[in-house]
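Heads up, the thing below is written out as C-alpha cells.
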2 protein chains.
Amino acid sequence: MAIPDDSSARTRIRDAALERFGRDGVNRVTIRAIAADAGVSPALVVHHFGSKEALRRECDAYVVATMRGDGIDNTDELSDAAAGNARGLSRMLDAAAPVRRYLARAFLDGSPEAAALFDEIVDLTAAWLADGEREGRVRRTEQPRTRAVVYVTHLLAPLAFDEHVARVLGVEDLHDIDVTLRFSRVAIEMFTHGIFTDERALDAWDAVRKERES
Amino acid sequence: MAIPDDSSARTRIRDAALERFGRDGVNRVTIRAIAADAGVSPALVVHHFGSKEALRRECDAYVVATMRGDGIDNTDELSDAAAGNARGLSRMLDAAAPVRRYLARAFLDGSPEAAALFDEIVDLTAAWLADGEREGRVRRTEQPRTRAVVYVTHLLAPLAFDEHVARVLGVEDLHDIDVTLRFSRVAIEMFTHGIFTDERALDAWDAVRKERES
DNA sequence: CGGCGGGCTGAACATTTGTTTAGCCTCAGG
DNA sequence: CCTGAGGCTAAACAAATGTTCAGCCCGCCG
C-alpha cells in the first residue's frame, strides 16, 4: 500500500486531467469534471495534488518526461532523420494522441515549463538541421535559428488546429494513423520541394525589402 | 446622438474586448477587465452587448467583416500573388496585430463563426493554388485540398505560437514590421525550395506506407 | 419649463468553482 | 482485537465572475 500502482486513483486522476486539459485547455476544465472522469470525488483531486495549478504542473512534468524519453527507449534516430525530424520533435509527433494534444495546448497556454520545453525542442531541431546542412541533406540558410523556429511551428500547426484540419478533411480523428500518414505526406512534399515552381515570391519579398530601405 | 461615433464607449468596449480576447483567450478574460480597459463600468458592457458571449460574437463578426474586406478596399491581388498568398490569407496577414491575434485565438478556441471563416480561407487558398497550378506557378499535387489546409495552418502557426517565436528570436514583438519581414523571408524560402536537398524524407514515407500495406 | 429616454453606474445577486474541514472506512502492524 | 494512518468522501466555504436592479445624470422634445 506504500507504492500506488499505475491504475491507482492518483494515476487515473492525472490521466483524466491530461486528457481534458489537452482537449479543452486548462481554464475550461473544472476539478469536478476531472474527478468525474476519474470516478472519484473532487476533494480527492486536491487531496492528492494540492491544487489545480499543482495538478497542471504535474501533467506538465509527466509530459515533459515523456518527451525527454524517460521510460521509453525511443532512439529510432535513423527513422527520425529519414522522416525529417529532430529527435525532440520526433518524440512529440510519435507520442500518444493525448500527450500530443496536451503539449500543443500547453504551448498555446504558455506555462513556463512549456516554454522551456519549446526552447529545448527548437535547440534540438536547430542542431539536427545544422548536422543536415553539414551532411548536405539540408539546404543552407542565412538564418538557421529562425528556420528552426519556422520548422518547429509548422510541424506543430496541425496539432494546434487539429479541430479545423479534421473538419476540412472530413475525417473523424486527425490522430488516426492513416489520416496522419496522408496528411504528413503533403507536409513532407512541402518540406522537400516547396510549393512554388519559381522564385517569384522570393523576388517579391526582396522588392518589399528594397522599398522599405529607401 | 442617434448614431454613436467611432470613439463611443461601445466601440471602446469592443476594441478592448478584441485586444484582450486575442491576447489571453476568451475564458481568461473577465467582463470587469474589459470594462476597466475601456474606462467604463462592468454593467455598461452588459448594457450594450447583452452578455459576454454576445460580446464575443460581436468581436467575431467585426473581425470576419474585416477579413472579408468590408470597409477596406484591399484588392492588392498582384502583391498577394507575388507574396504567395490567397486573398483570404493575405487579408489576415495584413490585418492589424490585434485582429490577427484575435483570429488566431478564435481558431484555437473554436467558435462556429471562426470555423466557418477557416473553411472559407481554405477554400480561397485552394482556389488560388489551383490557379497557380494552371499557370505553372505552383507545383502539382495529388492532394490539392490537403495541401491547401497544410499551407493555411503553416501560415497560421507563427500567429498561434507568437509568444514562443518571439522569445526564441529574442525580439519584443513578433508583429513588429521588421521582425515580420525577417521571419517571413525564411518561410518564403521554405515554400519556394523546401528545406531538404534530396527525396530521402519522401522515400522514407513511401517505405512506411509500403510496410503498413503489407 | 417638465419630463423622458438613453447612456451610465454602484451595489446586490446567483452561480460556478477552487479549496477546506470533519469524519468515514479499510487494512496493516502490534 | 485494537489502533492508527491513509485513501476517500460529503458538505460547507470563500472567492471570482456573469448578470440584474434601481436609479442617477443629461440633453432633447413637447
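Predicted, not measured: the structure shown is a model, and the values here were computed from it. Proteins come first, then strands; the chains are lettered A, B, ... in the order of their sequence lines, and each starts at number 1.
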Quiz item: What is the per-nucleotide protein-contact pattern of nucleotides 9-20 of chain C, from the 5' end, where B denotes a base atom under 4.0 Å from a protein heavy atom, S denotes such proximity for sugar-phosphate atoms only, and - denotes neither?
Solution: BB------BBBB
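In this structure, B/F49 atom CZ and D/dG18 atom C1' are separated by 16 Å, rounded to whole Å. As rounded to whole Å, 6 Å separates atom C1' of C/dG7 from atom NE2 of B/H48. With rounding to whole Å, B/R12 atom CZ is found 12 Å from C/dG7 atom C1'.
Taken to the nearest 0.5 Å, the CG atom of B/L103 stands 8.5 Å off from the CG atom of B/L159. The structure places CD1 of A/I31 at 10.0 Å from CD1 of A/I13, a figure rounded to the nearest 0.5 Å.
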Give the table of side-chain donor-acceptor pairs shorter than 3.5 Å for residues 171-178 of chain A, with sequence neighbours excluded, one pair per line with atom names and distance.
| unit_1 | atom_1 | unit_2 | atom_2 | d |
| --- | --- | --- | --- | --- |
| A/D173 | OD1 | A/H175 | N | 2.9 |
| A/H175 | ND1 | A/R100 | NH1 | 3.3 |
| A/H175 | NE2 | A/R101 | NH1 | 3.4 |
| A/H175 | NE2 | A/D162 | OD2 | 3.4 |
| A/D176 | OD2 | A/D178 | N | 2.9 |
| A/D176 | OD2 | A/V179 | N | 3.3 |
| A/D178 | OD1 | B/R212 | NH2 | 3.3 |

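Partner of A/R20 under the side-chain hydrogen bond (donor to acceptor under 3.5 Å, both in side chains) criterion, out of A/D37, A/T30, A/D15: A/D37 alone.
Applying the side chain to side chain donor-acceptor pair (under 3.5 Å) test to A/R185 and every residue at least two apart in sequence or in another chain returns A/E189, B/D206.
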